[in-house]
J.: 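Below: one structure in structure tokens.
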Amino acid sequence: MADKNHLPMYGVGPVYVGAIIMITAAAVIMGQCGFFEKGRIEFLKIPFFAVGILLIILGVYLWFGAVFRSKIDDGITGNRLVKTGVYSLCRNPIYSAFMFFCTGALMISGNLFFLPLFFFYWLFMTVLMKGTEEKWLLKLYGTEYSNYCKRVNRCIPWFVKR
């Protein structure tokens with residue numbers, strides 16, 4: 001990043017996304033192979049499935065909104081801080097999209113033992129962002145980014161704080 005005047009195009013995204021996809025896939029496969037059988041509660045199957053579908057839809061919405069509607073690539077190459085669209089609801093909508101998508105897949109698998117993975121995904125994203133991209137953005141955009149952080153959550157979409 002030192003020799004560029006903008007953020008790296010992918011940042012730490014591939015590390016985060018790759019890790020949580022592998023963890024999710026391993027959990028789902030192990031669950032289907034009979035591991036963690038005690039975590040499957042039959043009466044929660046339908047509610048888990050419904051919540052899982054909603055989380056996947058939220059993930060698709062965030063990803064689509066960040067990539068196509070807010071055109072984050074243009075913001076990065078144009079060296080401007082994107083704060084509109086889904087970026088007004090959450091500072092890291094692409095990473096959050098994968099977090100929700102993976103959590104949705106875990107919910108659909110219907111195993112209570114997998115629920116803590118959401119908190120792990122959230123914590124992993126928080127530590128990764130604070131240690132890398134947030135430092136880069138603060139260095140590049142200073143007060144503008146600092147004020148943005150005060151109004152918009154890091155990874156859970158929410159309405160803008162005034």
Side-chain angles (χ1 to χ4, degrees), residues 1-29 48-109 114-162:
M1 191 176 111
D3 59 339
K4 295 181 182 178
N5 61 352
H6 61 77
L7 290 174
M9 189 59 72
Y10 297 106
V12 295
V15 171
Y16 177 73
V17 171
I20 70 169
I21 286 174
M22 287 184 349
I23 293 167
T24 300
V28 169
I29 290 167
F48 269 36
F49 185 84
V51 170
I53 293 297
L54 290 175
L55 288 172
I56 288 171
I57 291 169
L58 175 59
V60 169
Y61 171 79
L62 287 172
W63 185 85
F64 185 84
V67 173
F68 294 110
R69 304 229 351 145
S70 295
K71 298 181 180 174
I72 188 60
D73 290 356
D74 294 344
I76 292 171
T77 56
N79 197 22
R80 66 180 168 76
L81 183 61
V82 177
K83 302 180 288 187
T84 58
V86 293
Y87 285 89
S88 69
L89 303 174
C90 144
R91 295 194 308 258
N92 299 287
I94 294 174
Y95 302 143
S96 295
F98 282 96
M99 177 180 69
F100 288 119
F101 187 86
C102 288
T103 303
L106 293 170
M107 294 293 289
I108 288 171
S109 77
F114 299 154
L115 291 181
L117 287 174
F118 170 79
F119 299 103
F120 170 75
Y121 295 165
W122 171 82
L123 181 63
F124 183 32
M125 183 192 317
T126 298
V127 169
L128 208 54
M129 293 302 102
K130 285 179 112 176
T132 58
E133 291 187 15
E134 288 184 6
K135 287 180 180 178
W136 301 340
L137 287 162
L138 191 58
K139 184 177 179 182
L140 274 173
Y141 302 112
T143 305
E144 180 184 14
Y145 182 69
S146 180
N147 290 337
Y148 173 63
C149 289
K150 291 175 187 171
R151 289 190 339 268
V152 179
N153 289 336
R154 178 178 294 111
C155 32
I156 307 294
W158 200 253
F159 300 102
V160 176
K161 301 169 198 161
R162 298 283 171 196

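For this chain, numbers begin at 1 and follow the sequence in order.
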J.: Is there a donor-acceptor pair under 3.5 Å between the side chain of Tyr95 and the backbone N or O of Gly13?
T.: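 The answer is yes, because a donor-acceptor pair under 3.5 Å joins these two groups.
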J.: Using distance only, find each side-chain donor-acceptor pair of residues 101-109 under 3.5 Å and give its atom names and separation, not counting sequence neighbours.
T.:
| unit_1 | atom_1 | unit_2 | atom_2 | d |
| --- | --- | --- | --- | --- |
| Thr103 | OG1 | Met99 | O | 2.7 |
| Ser109 | OG | Leu106 | O | 2.6 |

J.: So which heavy atom on Arg154 is nearest to which on Glu134, and how close?
T.: NE-OE2, 2.5 Å
J.: Grab the two heavy atoms, one from Trp122 and one from Cys155, that are nearest each other, plus how far apart they are.
T.: CD1-SG, 3.3 Å
J.: Working to the nearest 0.5 angstrom, can you tell me the gap between Tyr145 OH and Glu133 CD?
T.: 8.0 Å
J.: Can you list everything that forms a ring pair (Phe, Tyr, Trp, His ring centres under 6.0 Å) with Phe114? Sequence neighbours excluded, please.
T.: Phe36
J.: I need the Leu54 CG to Leu58 CG distance, nearest 0.5 Å.
T.: 9.0 Å
J.: Output every pair passing salt bridge (charged side-chain N to carboxylate O under 4.0 Å, His left out) with a member in residues 54-65, not counting sequence neighbours, ordered by first then second residue.
T.: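 Qualifying pairs, neighbours excluded: none.
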J.: For a 4.5 angstrom cut-off between non-hydrogen side-chain atoms, does Phe118 reach Ile20?
T.: no
J.: So Val152 and Lys83, do their side chains get closer than 4.5 Å, heavy atoms only?
T.: no
J.: For Ala97, enumerate each residue passing the side-chain contact (heavy atoms from CB on, under 4.5 Å) test, keeping only those at least two apart in sequence or located in another chain.
T.: Leu62, Trp63
J.: What is the distance from atom CG of Leu123 to atom CG of Leu117, rounded to the nearest 0.5 Å?
T.: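 Atom-to-atom, Leu123:CG and Leu117:CG are 12.0 Å apart.
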J.: Do the side chains of Leu81 and Leu137 get nearer than 4.5 Å, heavy atoms only?
T.: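 SC-SC contact between Leu137 and Leu81 confirmed.
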J.: Does Ser70 offer a backbone N or O that forms a donor-acceptor pair with the side chain of Thr84 under 3.5 Å?
T.: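 Checked: no pair found.
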J.: Tell me whether Tyr61 at atom OH has more than 12 heavy atoms from other residues, nucleotides or ligands lying less than 6.0 Å away.
T.: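 Open: at most 12 neighbouring heavy atoms sit under 6.0 Å from OH of Tyr61.
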J.: Can you name the residues that form a side-chain contact (heavy atoms from CB on, under 4.5 Å) with Ser146, not counting sequence neighbours?
T.: Leu138, Lys150
J.: Quick one: side-chain contact (heavy atoms from CB on, under 4.5 Å) partners of Lys71, sequence neighbours excluded?
T.: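 Lys71 satisfies side-chain contact (heavy atoms from CB on, under 4.5 Å) with Asp74 once adjacent residues are dropped.
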J.: Got Phe98 and Tyr121 here, is their nearest side-chain heavy-atom distance under 4.5 Å?
T.: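 Answer no - side chains too far apart.
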J.: My understanding is that only residues two or more places apart in sequence, or in another chain, count here; which of them pass side-chain hydrogen bond (donor to acceptor under 3.5 Å, both in side chains) with Thr132?
T.: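 Testing Thr132 for side-chain hydrogen bond (donor to acceptor under 3.5 Å, both in side chains), a comparison that skips the adjacent residues, returns none.
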J.: What pairs with Phe124 under ring pair (Phe, Tyr, Trp, His ring centres under 6.0 Å), at least two apart in sequence or on another chain?
T.: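 Phe124: ring pair (Phe, Tyr, Trp, His ring centres under 6.0 Å) contacts with Tyr16, Phe120.
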J.: Report the residues that fulfil salt bridge (charged side-chain N to carboxylate O under 4.0 Å, His left out) with Arg80, sequence neighbours left out, ordered by chain and then residue number.
T.: none
J.: Hey, could you give me the CD1/CZ distance between Ile53 and Phe48, rounded to the nearest 0.5 Å?
T.: 14.0 Å
J.: Does the side chain of Val86 reach to within under 4.5 Å of the side chain of Pro157, using non-hydrogen atoms?
T.: no
